[in-house]
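Counting convention: from 1, in listed order, for ligands and their atoms alike.
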Amino acid sequence: MSKFKFSVGPWNVHEGADSYGPATRKSISLEEKFRRFKEIGFDAVQFHDDDVVPNMNELSNEEIIAEAKKVKALLDKYDLKAEFVAPRLWMDPHTIDGGYMSTSEEDREFAMWRSYRSIDIARALDCDLIVLWLAREGTLCAESKSPVWATQKLVEAIDKMLDYDKTIRVCIEPKPNEPIDRSICGTMGHVMAVSAATKDPKRVGGNLESAHAMLAGLDPAHEIGFAMAFDKLFTVHLNDQNGIRYDQDKSFGVENLRAAFNQVKVLLENGYGSKGEYVGLDVKAMRTTSDADSYKHLENSLKIFKMLEEKAEKFDYKYRDECIKNRDFEGLEMYVIELLLRG
Ligand code: XUL
Ligand code: MN
C-alpha cells in the first residue's frame, strides 16, 4: 500500500501528434479520462486553465467560473480532487514572445488576465495551487530581452497573483529551455531565489519535473531535496528522459532506474505528502501507442513508482551507516544495485 496520493493531467492522455506529424489516436472526452484516472488509482487531476474552460478567451469572468463549476461537479462524480490550475501562456497569439515578460505591454496584461482567471478557476475547483510552467519566458534571440528586467517582471507578476487572492499558492515549474532557447527561471535554484524576492515567499514554491532537471544536466532527486530543504516543494512532475535532448516525458523510471529510485527515496525520507502534496506524473504515451493502450504509460508509471517505493521502504539505513563509517561507498553502491535488481 503506497504512502502517497497521485495526480495526473488530462494532457497526459493525448492523440499522439508531435511537431513532425499528426494525431495517431482518437480524442477521449474529459469525463472518460476522469473515469479511467480514478479506476487506475489516481486521487487528483491537474489542469491547464483551458483544459477546464476551453473557450475561456471568449467568455466573461462570471461565465468562466460557471463553466469551471461544471467540471468540479464532474470531478465530484468520480471522487477526484483538483490539484492545480496552470495558465496556458504559450498557445495564444498574445504569448508569441512570452507572457509576464513579453516585450509587449498588451501581451503582459493578457498574461495577467489569464493568471487571474486561473485563480478563479482554481477556486471554483476547490483548489489553492497555481502552477506556472514558464514556457516562453526567456529569449529566442539573446539580445531581445534584458534578463534583469525579465526576472523582475516575473516577480512582479507573482506578487500581483498573491495580492489578487490572499491564500492562493504559486508554484513555478522550472525548465531550462524548449520551446525557448534560454529560460529566465530554469532550475529549482532559480525558483527559490524568485520565491524569496516575492512579497510572501511561503506561498511561492516549486514543481520539480524529472525531465526538466535532466535537461538542465541536474539530478532530479537533488532538485527535489533542494526545494524540500526550504519547505517549498509544492508538487512534482515525475517522468523520465533519455539524456539531454528534446523534452521526452517518458514513463517514470523507464530510462534511469537508479535516479528514479532516488527520487522516490528522497520524497519518502522527507515526509512528502504529509501536507497534502500529490505525487504528480507528467508522462506522454509514445506516438506508436494504440487507442486501446492510451493509458498504459500512466499505469506503468504508477506501477514503477510503487515498486520503487517498496524498495525504498526496504532500504537498510544501518548498513548505509556502516558503509559511511568505513568510507565503503563501493559497498553502498553495490548494495543499492542489488536492492534494485534482486529485492
Ligand atoms: C512542459 C510541461 C508542461 C507543464 C504543464 O514541458 O512539463 O506539461 O507541466 O503546463
Ligand atoms: Mn510538467
Distance only, no hydrogens: is a donor on one side chain within 3.5 Å (strictly under) of an acceptor on the other, for [X] and [Y]?
{"X": "Thr167", "Y": "Arg123", "answer": "yes"}
{"X": "Tyr100", "Y": "Ser115", "answer": "yes"}
{"X": "Asn262", "Y": "Asp219", "answer": "no"}
{"X": "Asp282", "Y": "Asn239", "answer": "no"}
{"X": "Tyr317", "Y": "Glu269", "answer": "yes"}

Sidechain N-carboxylate O distance under 4.0 Å for Arg117, Asp120: yes
Atoms of type N/O/S from protein, distance to the Mn ion (ligand 2) below 2.8 Å: 4
Test of ring centre spacing under 6.0 Å for Tyr78 and Phe37: no
Inventory of protein N or O atoms under 3.5 Å from ligand 1 N or O:
{"from": "ligand 1", "atom 1": "6 (O)", "to": "Lys175", "atom 2": "NZ", "distance (Å)": "3.1"}
{"from": "ligand 1", "atom 1": "6 (O)", "to": "His212", "atom 2": "NE2", "distance (Å)": "2.9"}
{"from": "ligand 1", "atom 1": "6 (O)", "to": "Asp247", "atom 2": "OD2", "distance (Å)": "2.9"}
{"from": "ligand 1", "atom 1": "7 (O)", "to": "Glu173", "atom 2": "OE2", "distance (Å)": "2.9"}
{"from": "ligand 1", "atom 1": "7 (O)", "to": "Glu209", "atom 2": "OE1", "distance (Å)": "2.9"}
{"from": "ligand 1", "atom 1": "7 (O)", "to": "His212", "atom 2": "NE2", "distance (Å)": "3.3"}
{"from": "ligand 1", "atom 1": "7 (O)", "to": "Asp282", "atom 2": "OD2", "distance (Å)": "2.9"}
{"from": "ligand 1", "atom 1": "8 (O)", "to": "Asp282", "atom 2": "OD2", "distance (Å)": "3.1"}
{"from": "ligand 1", "atom 1": "9 (O)", "to": "Glu173", "atom 2": "OE1", "distance (Å)": "2.8"}
{"from": "ligand 1", "atom 1": "9 (O)", "to": "Glu173", "atom 2": "OE2", "distance (Å)": "2.9"}
{"from": "ligand 1", "atom 1": "9 (O)", "to": "His237", "atom 2": "ND1", "distance (Å)": "3.0"}
{"from": "ligand 1", "atom 1": "9 (O)", "to": "Asp282", "atom 2": "OD2", "distance (Å)": "3.0"}
{"from": "ligand 1", "atom 1": "10 (O)", "to": "His48", "atom 2": "NE2", "distance (Å)": "2.7"}

Hydrophobic cluster (4.5 angstrom, side-chain heavy atoms) - remaining members for Met91: Trp90, Trp133
Members besides Tyr278 in its Ile/Leu/Val/Met/Phe/Trp/Tyr cluster (side-chain heavy atoms under 4.5 Å): none
